[in-house]
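To start, the structure under review is shown below, and the notes come after it.
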Amino acid sequence: MTALSQGNPRILAAIRQEDQRAEWIASLLQAAVLALLSLLYFVAPKAEMSQWRFEPVPLLLAAYWPVVLLRLWLSARGRMGPWLSAAAIVGDMLALAGLIFSFHLQYGQPAPFSLKAPTFAYFFIFIAVRTLRFDWRYVAFAGLVAAAFWGLLLAYALAQPDTRLTHSFVDYIFGMPVLLGAEIDKIISLLAVAAILAAAVARSRRLLERATRDAIAQHDLARFFPGDVTEHILASDKPLAPGDAAVREASVLSLDLRGFTGYTASHTPRQVMALLGDFQQRMVAVIFAHGGTVDKFLGDGILAHFGAARPDPAHAAQCLRAAVSCGAAAQAWAQERVAAGRSPLHIGAGCASGEVLFGVVGDARRLELTVIGDAVNLSAKLEKHSKTTPSPLVATAALWKRAQQQGYDA
């Protein structure tokens, strides 16, 4: 685990899901390798074997199939935890070592015969399969286990009384003597490959964590901006900096929750925050549904704009539709509260349109995308003015006229 993921359960949960999928793929590959070994054994022409009445190789292959199928079942259900995954590694290497060990028995040859089996290369396959998990420890463990089992096979061969050592590579290739250096090279190669792959997996893990963090950030960013605005921010060819701005024709909506001050005086902080969350959730859904962007939450108020974050030829009509829909949502909310025996709460809204600056303010450490202009100030003033008018929604005549020109029909 790296510093990026420590203490961040969302990153860990996302990587854990990827690891579970990787374990399923690893299980499929394990089954494919076993199927290939079985096919090669039963299809390939048989060499001359010993006079034994049974063949250990097919028995070993048949015995390992239930283990493979069990692992497939467990991994498909996400039940391959760390200990089971480690046990699966030992099981893979044990089965392969047992298969290689059985060769000298099946073909009636001295113990060093097994050390010459080309099946040795499958150790590298089993090590490589562990790279599918984003955890270098499994790769390193697989390399250590593979090296240990090959060391045991070598020790067994050396312990036999008829085993001879040689310093001749030719004798080693064409006969049964053991060239100790060559066998140690195999162990070193297993460990070296595992170390290289483990380092690559560790680096991939860091890249995955950064990518996961960015994906989570993108998801969170999308909660504040429409999807295409988020993509625009992420696809920017240069970092956003204070002062970056664009002049846009846009409309601005200011919302305020009426009676909130009195509510806070008679309710607990938890109840107050729950009420705010309920209000914001309802209003933001309406704003997004009409293509708006939430600029900021101002305590019990919301500032939103239309046509600033992205040009919109119908920004005034969309702003007015959103304001009316927010009023309808607030009315339905008030009725729900009354039906539940609670006091109703209402909203006020102000709408204005005009030329605004949409850009970045703040410093390099803390940036904010916002709108600046007369329309912003005017919408806030109209929202306050709505407290004295029969209608909770007040809009400028210019916005009303523009909204009608853009297809708004009251």
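What you are looking at is a predicted structure, and each value in this text was computed from that prediction instead of being measured. Computation of the quantities below employed the complete heavy-atom set of this structure, encompassing side-chain atoms and omitting hydrogens, waters and symmetry-equivalent molecules.
- In this structure, Trp24 CH2 and Leu74 CG are separated by 11.0 Å, a value rounded to the nearest 0.5 Å.
- The environment of Arg77 atom CZ is dense: over 12 non-hydrogen atoms of other residues, nucleotides or ligands sit within 6.0 angstrom.
- Contact annotation: the side chain of Phe358 never approaches that of Thr293 to less than 4.5 Å [non-hydrogen atoms, C-beta and beyond].
- In this structure, Leu320 and Trp400 approach most closely via the heavy-atom pair CD2-CE3, 3.5 Å.
- Interatomic distance, Lys296 NZ to His305 NE2, rounded to the nearest 0.5 Å: 7.5 Å.
- Annotation: side chain of Tyr122 is not in contact with side chain of Ile100 (no heavy-atom distance under 4.5 Å).
- Taking the six-membered ring where tryptophan is involved, the planes of His104 and Tyr156 are tilted, since the angle between them lies from 30° to 60°.
- Looking only at side-chain heavy atoms (C-beta outward), Leu153 and Phe149 stay at 4.5 Å or farther from each other.
- Within a 6.0 Å sphere centred on CZ of Arg203, other residues, nucleotides and ligands contribute 12 heavy atoms or fewer.
- Remark: Arg71 pairs with Glu23, Ser27, Gln30, Asp92 by the side-chain hydrogen bond (donor to acceptor under 3.5 Å, both in side chains) rule, at least two apart or across chains.
- Side-chain N or O atoms of Lys116 include one that pairs as donor or acceptor with a backbone N or O of Tyr172 at under 3.5 Å.
- Tyr138 approaches Ser85 most closely through the heavy-atom pair CE2-CB, 3.6 Å.
- Ring orientation note: the planes of Tyr263 and Phe260 are close to parallel, at an angle under 30° on the 30°/60° scale.
- Taking 4.5 Å as the limit, every side-chain heavy atom of Phe120 sits out of range of all side-chain heavy atoms of Leu115.
- The heavy-atom pair separating Gly291 from Phe306 by the smallest distance is C-CD2, 4.1 Å.
- Gly143 approaches Leu191 most closely through the heavy-atom pair O-CD2, 3.8 Å.
- Rounding to the nearest 0.5 Å places CG of Leu253 at 11.0 Å from CG of Leu382.
- Side chains of Lys387 and Val394 form no contact here, defined as non-hydrogen atoms less than 4.5 Å apart.
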* Go through the steps to decide whether Val252 and Leu378 satisfy the test side chain to side chain contact (heavy atoms under 4.5 Å, CB included), and finish with yes or no. => CA-CA 9 Å; Val252 182; Leu378 185 54; over 6 Å; no
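- Using a 4.5 Å heavy-atom threshold, the side chains of Ile347 and Pro392 count as separate.
- Using a 4.5 Å heavy-atom cutoff, the side chains of Phe123 and Lys186 are not in contact.
- The OG atom of Ser254 sits 9.0 Å away from the CG atom of Asn377 when rounded to the nearest 0.5 Å.
- Side-chain N or O atoms of Asp171 include none that pairs as donor or acceptor with a backbone N or O of Pro177 at under 3.5 Å.
- Applying the salt bridge (charged side-chain N to carboxylate O under 4.0 Å, His left out) definition to pairs two or more places apart or across chains, those involving residues 278-289 are Asp278-Arg282, Arg282-Glu336.
- In this structure, OG1 on Thr370 lies 6.5 Å from CG on Leu303, to the nearest 0.5 angstrom.
- Qualifying side-chain hydrogen bond (donor to acceptor under 3.5 Å, both in side chains) partners for Gln406, counting only residues two or more places apart in sequence or in other chains: none.
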Would Leu357 and Val247 satisfy side chain to side chain contact (heavy atoms under 4.5 Å, CB included), going step by step from the backbone distance to the final call?
CA-CA 5 Å; Leu357 276 173; Val247 178; 3.6 Å; yes
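- Between Asp135 and Arg133 no salt bridge is recorded (no basic side-chain N to carboxylate O distance below 4.0 Å).
- Looking at every heavy atom in both residues, Val284 comes nearest to Val294 through CG2-CG2, 4.0 Å.
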Worked verdict on Asp295 versus Val376 for side chain to side chain contact (heavy atoms under 4.5 Å, CB included): CA-CA 11 Å; Asp295 186 281; Val376 180; over 6 Å; no
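- Residue pairs satisfying the side chain to side chain donor-acceptor pair (under 3.5 Å) criterion with at least one member in residues 141-154, sequence neighbours excluded, are listed as follows: Trp150-Glu183.
- Side-chain contact check for Leu180 versus Leu158: some heavy-atom pair is nearer than 4.5 Å.
- At least one donor-acceptor pair closer than 3.5 Å links the side chain of Arg205 to the backbone N or O of Phe134.
- Side chains of Gln318 and Arg321: a donor on one and an acceptor on the other come within 3.5 Å.
- Between the side chain of Arg130 and the backbone N or O of Phe126 there is no donor-acceptor pair closer than 3.5 Å.
- Side-chain atoms of Thr163 come within 3.5 Å of backbone atoms of Ala157 as a donor-acceptor pair (strictly under, hydrogens ignored).
- Taking CD1 from Ile25 and OG from Ser75, the interatomic distance works out to 10.0 Å, rounded to the nearest 0.5 Å.
- Closest of all the heavy-atom pairs between Gly354 and Arg402 is N-NH1, 4.2 Å.
- Here Ser391 pairs with nothing under the side-chain hydrogen bond (donor to acceptor under 3.5 Å, both in side chains) rule; sequence neighbours left out.
- With sequence neighbours excluded, the residues satisfying side-chain hydrogen bond (donor to acceptor under 3.5 Å, both in side chains) with Arg258 are Asp256, Glu383, Ser386.
- A side-chain donor-acceptor contact under 3.5 Å links Arg248 to the backbone of Ala308.
- With His290 contributing its side chain and Val286 its backbone, the two residues share a donor-acceptor pair below 3.5 Å.
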